[in-house]
Amino acid sequence: MKKFILLAAVAPAFGYAQETQQAPQTEQPATMVVTANRMEQTEASVIAPLTVVSRSEIESSGAQDIIDVLSQQVGISVTRNGGKGHTESVFIRGTSSTQSLFLIDGVKVNTATNGGAQLSLLPLEFVERIEILRGARASIYGADAVGGVINVITRPEFGSKYAGLKAAVGTENSSKIAGRASGLLGESTQYNIVLSADKSDGYDIRPQDNLDENYGYKAAGGLFSLDHRFSQDWSGRVFAIRNDGEAEIIQGGKALNKTRQSVYGASANYNNNKWLSELSLSYHQDRSDTAPAESFVDPQRYTTERQAVNWLLAYKFDQQWLLQGGLDYQNDDISGTSLVYQQESRDNKAAHVGLRGDYEEHILEASLRYDDNEHYGDHTTYNLGWAWQLQSDLTFNVLHGTAFRAPTFNDLYYPGSENPNLKAETSANTEFGFALNLLRSQWQFNVFRNDVDNLIAWGCVARCDNDYSGTPDTWPLWTPDNVSDARIQGLEIQGDFSTAWLNHRVIVEFLDPKDRSTNKNLIRRPEEQVKYKADMYWQNLQVVVDFLWRGESYADAANTTTIGSYSVWNLGFNHRLTDDLKLAIKVQNLFDKEYSTVNDYQAQGRTFELGASYQF
């Protein structure tokens with residue numbers, strides 16, 4: 001804790017960092033976001049810590065997939081059981097993937113079986129921007145928004161036009177191809193179509209086994225959306241996303257995991273500057289089939305089907321005050337899973353209300369939500385927030401909110417390991433921060449504490465020899481229980497500034513993630529992270545450098561096995577040959593560092609990718 005106290009003493013020296021400036025610099029319109037309160041507002045008016053990753057920033061970086069993009073953002077650490085397509089976890093402020101909410105265009109994509117979300121196989125070509133909200137947000141979204149919310153936005157700005165092709169090849173016999181067309185049909189309809197395919201032979205994720213096996217993947221997907229403006233007040237949208245993936249993984253021996261993710265949505269919107277209403281319908285399916293790679297027969301299937309109806313309503317009293325609320329209905333169904341659970345579907349009904357005031361140098365927010373789930377009971381959550389602009393270049397904010405994590409179907413009813421008496425995890429998050437613009441630099445400083453009660457943990461109760469080589473009935477037997485409480489404290493510093501022809505972004509993070517019953521660190525959470533990004537322009541050439549240093553973490557709850565610290569450098573080169581043709585080179589893990597984020601699984605070594613894009 002000494003390092004928290006030391007850095008807190010110099011809090012006024014730090015503040016909020018906006019998106020890295022691009023060259024040449026021009027006056028930009030206000031960035032509009034939708035994740036903070038589920039309604040469009042300017043980024044500058046959001047009280048909660050928010051990061052917006054733009055499409056241009058994604059394309060110029062060396063990132064190969066969404067997980068790479070997320071790993072470079074403030075407040076986030078990631079782990080992988082190997083490379084792309086393998087099991088992945090995204091930790092927001094030390095909370096696990098099951099304690100964070102993942103959305104695609106506002107549609108929840110966490111699975112109902114294990115609670116996580118498979119993001120790496122979602123093509124980057126689908127992404128317009130990513131909005132990352134840190135801190136409790138259950139009073140807006142309901143279950144699972146304990147650590148934060150990640151919303152992948154595919155919707156282009158109305159009126160934007162683009163038609164182009166992109167292709168790339170790289171090490172490990174990797175290749176990508178994508179096509180995108182976006183524009184107007186008449187004056188009132190915006191369309192967006194994206195098709196993408198991606199494959200790689202992969203690499204040996206377990207070299208210590210001396211099997212000399214590579215574990216590859218392939219994926220293909222498509223996106224289609226239509227936005228139509230019926231009148232000045234009325235608009236509507238329909239969209240469909242489908243992505244199929246296939247990855248070679250380790251499960252006893254070499255296995256094949258085939259995934260399918262489908263997201264469909266439709267919405268109707270009314271906005272007359274006084275009243276705002278949105279009615280949306282959505283459907284999400286996540287399917288995963290796993291079987292031995294040599295003979296893909298009788299796979300074990302896990303399926304989530306989720307249907308949701310959401311109604312949002314807001315009334316603007318005047319320029320200062322906004323009242324909003326809504327009703328949510330959600331049904332989760334796992335009946336397509338090959339295992340037989342005691343319960344295979346559940347409903348969740350919710351109502352929420354919020355008030356926002358923007359008066360002179362103060363912004364106030366308050367929200368309240370009630371959820372009623374037929375399996376694990378009802379929960380009431382709330383959020384309070386206040387931002388105070390002391391000067392034109394200095395803002396102070398403080399927030400407090402409660403949240404809960406819903407037990408998954410696996411937690412409650414996994415055959416042979418069921419515990420239907422589990423309680424939902426509950427949490428209380430408090431934080432404060434400063435935002436400061438100083439000498440053409442922008443800084444943010446945030447301190448937070450998140451107390452999580454009734455933590456759900458799985459423990460081995462039989463055959464605990466870690467031997468998964470036989471049939472599933474001989475594997476170790478694990479069961480879940482509400483075993484402990486956790487306290488996660490942290491400090492985040494982010495700064496953006498320029499020196500001559502270089503733009504810089506620096507992120508420093510400290511985390512104290514403790515199981516309060518044992519005073520041991522929660523597994524796979526590093527206590528320190530340092531991230532750095534620099535980009536420069538020279539004529540038609542852009543060079544982007546990404547650096548990540550991650551401190552030690554623990555592979556087990558007893559803190560006896562350490563996952564070592566590591567540092568990784570990535571490079572991106574982007575050269576515009578003509579107005580329409582651009583070449584890109586991406587180098588991941590430049591110095592071929594050997595490291596792991598999950599014990600016994602080696603991360604990917606140095607890779608190269610050469611790509612070209614042409615805009616018609």
Side-chain angles (χ1 to χ4, degrees), residues 3-4 7 13-22 49-54 56-58 60-80 88-95 100 119 130-134 147-148 150 433 435 441-448 488 490-499 502-513 524-536 543-553 563-572 586-591 593 595-597 603-604:
K3 51 193 162 192
F4 292 125
L7 284 165
F14 304 98
Y16 187 63
Q18 305 293 334
E19 181 182 330
T20 302
Q21 296 176 349
Q22 299 290 326
L50 175 70
T51 300
V52 180
V53 189
S54 68
S56 61
E57 187 175 349
I58 293 171
S60 65
S61 72
Q64 300 283 358
D65 56 33
I66 289 179
I67 300 301
D68 287 341
V69 175
L70 294 177
S71 69
Q72 290 291 335
Q73 308 310 315
V74 63
I76 292 182
S77 62
V78 303
T79 64
R80 275 178 158 166
E88 60 201 32
S89 295
V90 177
F91 298 83
I92 305 178
R93 288 183 164 180
T95 58
S100 299
L119 295 178
I130 303 173
E131 297 181 8
I132 305 167
L133 194 71
R134 307 188 302 282
I150 294 177
S441 66
Q442 300 164 314
W443 297 87
Q444 178 180 355
F445 166 89
N446 287 300
V447 173
F448 62 89
I488 305 174
L491 182 151
E492 302 163 342
I493 303 166
Q494 177 174 323
D496 280 29
F497 56 94
S498 298
T499 56
L502 274 176
N503 299 317
H504 307 267
R505 171 171 295 167
V506 178
I507 296 170
V508 180
E509 302 172 25
F510 297 100
L511 194 68
D512 185 21
R524 299 178 185 173
R525 279 82 160 177
E527 290 188 339
E528 303 94 8
Q529 289 194 114
V530 176
K531 303 170 185 179
Y532 172 71
K533 176 183 178 181
D535 66 85
M536 59 155 288
V543 180
V544 180
V545 178
D546 283 319
F547 168 77
L548 167 64
W549 177 82
R550 173 179 166 136
E552 290 184 348
S553 59
I563 300 174
S565 62
Y566 66 88
S567 59
V568 177
W569 293 86
N570 305 318
L571 289 177
K586 297 183 178 183
V587 186
Q588 291 279 90
N589 195 354
L590 176 65
F591 299 107
K593 176 73 173 180
Y595 68 97
S596 298
T597 58
Q604 197 165 26

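Owing to the predicted nature of the structure, the values given are computational and were not obtained by experimental measurement.
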Treating [X] as the side-chain partner and [Y] as the backbone partner, does any N or O pair qualify as donor plus acceptor under 3.5 Å?
X: Q529; Y: I507; value: no
X: R525; Y: G94; value: yes
X: K531; Y: V508; value: no
X: N589; Y: W569; value: no
X: Q588; Y: N570; value: no

Query raised in the report: Looking at I67, T79, L70, which hits side chain to side chain contact (heavy atoms under 4.5 Å, CB included) with E88?
Result: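 So the option named by the test is I67.
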Report task. Using the side chain to side chain contact (heavy atoms under 4.5 Å, CB included) rule, pick out the option among D68, I66, I130 that qualifies with I58. Result ->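 In the set D68, I66, I130, the residue that makes a side chain to side chain contact (heavy atoms under 4.5 Å, CB included) with I58 is I130.
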Flag side-chain contact, heavy atom, 4.5 Å: [X] against [Y]:
X: I132; Y: I76; result: yes
X: M536; Y: N503; result: no
X: R550; Y: S77; result: yes
X: Q73; Y: V53; result: yes
X: Y595; Y: K593; result: yes
X: D535; Y: V543; result: no
X: N446; Y: L491; result: no

**Report entry** Derivation of the side-chain contact (heavy atoms from CB on, under 4.5 Å) call for K586 and Q64
**Finding:** CA-CA 8 Å; K586 297 183 178 183; Q64 300 283 358; 4.3 Å; yes
Which value, rounded to the nearest 0.5 Å, describes the distance between [X] atom [atom1] and [Y] atom [atom2]?
X: I150; Y: L133; atom1: CD1; atom2: CG; answer: 10.0 Å
X: L548; Y: S567; atom1: CG; atom2: OG; answer: 8.5 Å
X: Y566; Y: T597; atom1: OH; atom2: OG1; answer: 6.0 Å

Report task. Report the C-alpha distance between V544 and L571 in whole Å, list the side-chain angles of each, state the deciding distance to 0.1 Å, and finish with yes or no for side-chain contact (heavy atoms from CB on, under 4.5 Å). Result -> CA-CA 6 Å; V544 180; L571 289 177; over 6 Å; no
Are [X] and [Y] within salt-bridge range, i.e. N to O under 4.0 Å?
X: R80; Y: D65; result: yes
X: D496; Y: R505; result: yes
X: K533; Y: E57; result: yes

Report task. Under the side-chain hydrogen bond (donor to acceptor under 3.5 Å, both in side chains) rule, collect the residues that match up with E492, sequence neighbours excluded. Result ->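 Scan of E492 (side-chain hydrogen bond (donor to acceptor under 3.5 Å, both in side chains), adjacent residues dropped) gives R93, R134.
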Query raised in the report: Which residues satisfy the side-chain hydrogen bond (donor to acceptor under 3.5 Å, both in side chains) test with S565, sequence neighbours excluded?
Result: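 Once residues adjacent in sequence are excluded, S565 has no partner under the side-chain hydrogen bond (donor to acceptor under 3.5 Å, both in side chains) criterion.
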Report task. Step through it carefully: locate the ring centre of F547, locate the ring centre of Y532, and say whether they are under 6.0 Å apart. Result ->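 Between Y532 and F547, which both carry aromatic rings, the centre distance is not below 6.0 Å.
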For [X] and [Y], work out which heavy atoms get closest and say how close.
X: P526; Y: S553; value: N-CB, 3.8 Å
X: S61; Y: D546; value: CB-OD2, 4.0 Å
X: A63; Y: V69; value: CB-CG2, 3.5 Å

Report task. Go through the side-chain N and O atoms of T499 and H504 and say whether any donor and acceptor fall under 3.5 Å apart. Result ->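 Yes, H504 and T499 have a side-chain donor paired with an acceptor closer than 3.5 Å.
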